[in-house]
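Scroll down for the structure; my scribbles are underneath it.
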There are 2 protein chains.
Amino acid sequence: MLSNSSKYAIKGVLYLALNSDEDHKVMVRDMHGVVHVPEAYLAKLLQELSRHGVISSTRGPKGGFFLSKEDRKRSLMDIVKVIDGEKRVKSCVLGVKDCDTDQPCVLHKLVGANKSKFIKVLENTTILDLIEGKRDVEEFFPV
Amino acid sequence: MLSNSSKYAIKGVLYLALNSDEDHKVMVRDMHGVVHVPEAYLAKLLQELSRHGVISSTRGPKGGFFLSKEDRKRSLMDIVKVIDGEKRVKSCVLGVKDCDTDQPCVLHKLVGANKSKFIKVLENTTILDLIEGKRDVEEFFPV
DNA sequence: CATAAAAAGGATAAAAATGTCTTTTAATCT
DNA sequence: AGATTAAAAGACATTTTTATCCTTTTTATG
């Protein structure tokens, strides 16, 4: 449903939400250890997110990745869409091509409801929602 | 969350539920087209399920795969466990090592509830549950 | 303007998932 | 018993996902 890459990306963005803003950009070098994602791979993912405007970045000295005010209003689905593509996330549980609510497959009724909720959560939860009230970084990335 | 292989396997077992019993075994050759899974790959998956006692099979002429009365009482999770392993299905949404209800990660509270329900459905739904009232094979495998 | 710092981009490598093929084993039928 | 049939088993191939490395481009700063 969610690839590891998407999970990595979400972790990365959460880190940025907690540790960055326009004036405090962070380098991949300084975050990959905390979120437990390989440095080069995390860089790739963040670059992809930046390219699609989901997060922000600047190059050169004092550069790095960060979240603008606007970025924080992004939903989790915005991240997943860039990394996995919408199709993959929303695909039928049984992977049947034209399965939807009109022509549901067997499992659709059983599991589909849960899946829909899952997707709604991804769509309706912003980065801001996720971190509110949280300050302890470690709490987010136990391993 | 569920690999394609698991989905394939579930489709295969559903087909067997609708089209087989102790006296009417079915060969992979005759089912792969209907469930839209590559023949050799479906064979492999069914063999794996059979080896683990989730479905039944006999070799030779008149042989094939089938579901016994007992097999039909198996849950979807029994299938998924064999193909994906329990670990994969139940692993934390963010893939953090020791994340559970005691030490939940950020997403756990948001998405975890849905995931738990999803798993409960897999655990509590038997093959029999799935097919009850259904007779039209095609209805199950739209693509 | 030179330099160094940092992301961007592209090529490559490793691992996992998916898919195919061939041989072996067991059951059935003549 | 022998021939045939179908799953079982395992080797092999392909594709996708995950991961690394190296070069290029951009940018802040002295």
Side-chain angles (χ1 to χ4, degrees), chain A residues 1-13 16 20 22-33 35-67 80 82-85 87-89 91 95, chain B residues 1-13 16 20 22-33 35-67 80 82-85 87-89 91 95:
Chain A
M1 209 124 102
L2 282 194
S3 70
N4 277 319
S5 294
S6 273
K7 296 178 188 176
Y8 286 175
I10 291 174
K11 288 201 223 180
V13 174
L16 292 179
S20 82
E22 279 84 349
D23 304 318
H24 301 87
K25 294 151 192 171
V26 1
M27 296 182 290
V28 181
R29 190 193 311 142
D30 295 330
M31 61 184 290
H32 79 272
V35 298
H36 308 102
V37 176
E39 181 171 357
Y41 198 55
L42 180 58
K44 265 274 143 69
L45 295 169
L46 293 181
Q47 279 161 25
E48 195 71 3
L49 290 177
S50 178
R51 205 161 64 77
H52 284 84
V54 176
I55 68 176
S56 307
S57 66
T58 62
R59 310 192 207 190
K62 293 273 168 188
F65 294 97
F66 64 100
L67 296 192
V80 174
V82 168
I83 304 300
D84 285 348
K87 219 171 180 178
R88 168 161 177 169
V89 201
S91 74
Chain B
M1 207 125 104
L2 282 194
S3 70
N4 279 318
S5 295
S6 272
K7 295 178 188 176
Y8 286 174
I10 291 174
K11 288 201 221 180
V13 174
L16 293 179
S20 82
E22 279 84 351
D23 303 319
H24 300 86
K25 294 152 192 173
V26 1
M27 294 184 291
V28 181
R29 191 193 309 143
D30 295 330
M31 60 185 291
H32 80 272
V35 298
H36 308 102
V37 177
E39 181 170 358
Y41 199 55
L42 180 57
K44 194 170 224 183
L45 295 169
L46 293 181
Q47 280 161 24
E48 194 72 4
L49 290 177
S50 179
R51 206 161 64 75
H52 284 83
V54 176
I55 68 177
S56 307
S57 67
T58 62
R59 309 192 206 192
K62 295 273 168 188
F65 293 97
F66 65 100
L67 295 192
V80 174
V82 168
I83 304 300
D84 286 349
K87 219 172 181 176
R88 169 162 176 169
V89 201
S91 74

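Each chain gets a letter, A, B and so on, in the order its sequence line appears, and its residues count up from 1. What's counted below: heavy atoms across the whole structure, side chains too, no hydrogens, waters or symmetry copies.
Within the 4.5 Å cutoff, side-chain heavy atoms of A/L46 are placed close to those of A/M31.
A heavy atom closer than 4.0 Å to some atom of DNA chain C occurs in A/Q47, A/S50, A/R51, A/S57, these being the qualifying members of residues 47-57 of chain A.
When atom types are taken as modelled, the side chain of A/S57 and the backbone of A/S50 share no donor-acceptor pair closer than 3.5 angstrom. Counting only distance, with no hydrogens or angles, the side chain of A/S20 and the backbone of A/L67 share a donor-acceptor pair below 3.5 Å. Between the B/H52 side chain and the B/L49 main chain, no donor and acceptor come within less than 3.5 Å of each other. At least one donor-acceptor pair under 3.5 Å links the side chain of A/D84 to the backbone N or O of A/S3.
Between B/R88 and C/dA16 there is no side-chain polar atom (N or O) within less than 4.0 angstrom of OP1 or OP2. Under 4.0 angstrom from either OP1 or OP2 of D/dA19 there lies at least one side-chain N or O belonging to A/Y8. Between C/dA17 and B/S3, no contact under 4.0 Å exists linking OP1 or OP2 to a side-chain N or O.
Distances were taken from every side-chain heavy atom of A/Y41 (C-beta onward) to each of D/dT18, D/dC21, C/dT18; the shortest belongs to D/dT18.
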### Message
For a side chain to side chain contact (heavy atoms under 4.5 Å, CB included) check, start with the C-alpha distance between B/N4 and B/K7, then their side-chain angles and the critical distance, and finish with the verdict.
### Response
CA-CA 5 Å; B/N4 279 318; B/K7 295 178 188 176; 4.1 Å; yes
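The residue B/V37 sits apart from the nucleic acid: no heavy atom pair falls under 4.0 Å. Among the atoms of the strands shown, none is found under 4.0 Å from any heavy atom of B/F66.
We find that CE of A/M27 is positioned 14 Å from P of C/dA8, with the value rounded to whole Å. When the C1' atom of D/dA9 is taken as reference, atom CG of B/L46 falls 15 Å away, rounded to whole Å. Atom CG in A/L42 sits about 14 Å away from atom C1' in D/dT20, given to the nearest Å.
Minimum interatomic distance between B/F66 and B/K25 (heavy atoms only, all atoms of both residues): CD2-CG, 3.3 Å.
Each end of the helix from C/dC1-D/dG30 to C/dT30-D/dA1 gets its own axis, taken as the rotation carrying the C1' atoms of four end pairs onto the next four within a five-pair window, and the two axes meet at 0° to the nearest 10 degrees.
The base of D/dG10 does not come close enough to the side chain of B/K44 for any donor and acceptor atom to sit less than 3.5 Å apart.
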Could you go through nucleotides 27-30 of chain C and list every protein N or O atom that sits under 3.5 Å from one of its N or O atoms, giving the distance for each pair?
none

